[in-house]
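Below is one structure, written out as structure tokens; comments come after it.
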Amino acid sequence: MTEACIIGWAHSPFGKLEDAPDIETLIGRVARAAIEDAGITPEEVDAGFVGVYGEGFTPQGFPSSLVLQHVPEMRFRPITRFENACATGSAAIHGARDFIRAGRGRFALVVGAEKMTAVSGQRVGEILLTASHHKTEGEIQGGFAGVFGRIAEAYFQRHGDQSDALAAIAAKNHRNGVDNPWAQMRKDLGYAFCRAESEKNPFVAGPLKRTDCSLVSDGAAALVITDEETARAMAKSVRFRAAVQVNDLLPIAGRDIIRFEGAREAWRRAHAEAGSSLADLSLVETHDCFTVAELIEYEAMGLTPEGQGARAALEGWTAPDGRLPVNRSGGLKAKGHPIGATGVSMHVLAAMQLTGNAGAMQLPRADLAGVFNMGGAAVANYVSILERGS
């Protein structure tokens, strides 16, 4: 079976985009641009895969054919909407990869988009909480921040107060975000600001402060996938060495929530499929919806033993010049987190690193990249391992 390769991409700014009033506009900003970046014509695209969480962010449902408003040449092609909470973008990518590997077409377009800022902050919290188990978690205060506030409290109870490590993660990602031209917040806040409670950085849920929480964002990203043989003739290509999805139980009470067991299993399977280990990776883009998530993900990916994720943060292991740079893009923390776009954005930014096109974000070594995107509290877990194409 042929493997799939990424050959082109596009990315909008993330943030409160007042000049993008709806999801249709956001899709239009990246769909045709990704096709052009791939060096193909719209007529050559065989199928579309659209990631939009929606669930109340937009009155427009059924977004798949909105691509045709901007790429009419794709009329009569199959286009499907994917949704898997905060891993929606990766779900669309997996659909496109499967389409290519099955030989159903030669070129697939993936678009991820979300318009989040058109609703109130309270409504954002309510919508995001739909990605938790409604029967047992629907009354948690603070929306999804409340869910991860509980996770942080449980982690602190077992492993001690990790506020220093959370502040170090936030400061690292904001420092990295300065170099990302698409990031919502391009400001180095510094460790001291992230560590201290203040009027500008209050506690939001449990031990989590505002600087521990990802941003409410609008934005879109897109990429084009083709088969490995076709990719060899393209200007650039990034090959999937592995792409794995692992789902876990939805209720957090049904598992040891501070272990992120689904993420751990997804990483294990991805390395087995790729014939790699964590030591082989040059960089990781990981799902830091909250700083405590990134902390636990260090342990789930095997960077540190359980309960010792703070070492990676406090000793600089994950800095751009550390042993494994994590979220050189600024992550969700600084870049922003438009739900449907996030997984696509993470793959685009990893592909840019591998092809030497990351600009000010570029790492000196970028041979093999890991991407971890999750939906819910480590419920839908996606790991991709990517390498520069031949």
[Y]/[X] salt bridge by N-O under 4.0 Å criterion:
X	Y	value
E153	R150	no
D46	R77	no
R29	D218	no
E306	R259	yes
E294	K172	yes
E261	R255	no
R328	D179	yes
E273	R269	no

Ring centres of F99 and F49 under 6.0 Å apart?
yes
Does some side-chain heavy atom of [Y] sit less than 4.5 Å from a side-chain heavy atom of [X]?
X	Y	result
L215	M185	yes
M234	T230	yes
K236	D37	yes

May I ask you to establish whether R97 and F240 are in a cation-pi arrangement, using a distance under 6.0 Å from NZ or CZ to the six-membered ring centre and at most 45° from the ring axis?
yes
Side-chain H-bond candidate by donor/acceptor type, [X] with [Y], under 3.5 Å:
X	Y	result
N247	Q245	yes
T2	E228	no
T130	Y53	yes
K333	H174	yes

In terms of the angle between their ring planes, are H11 and W182 parallel, tilted or perpendicular, with boundaries placed at 30° and 60°?
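Ring orientation of H11 relative to W182: parallel.
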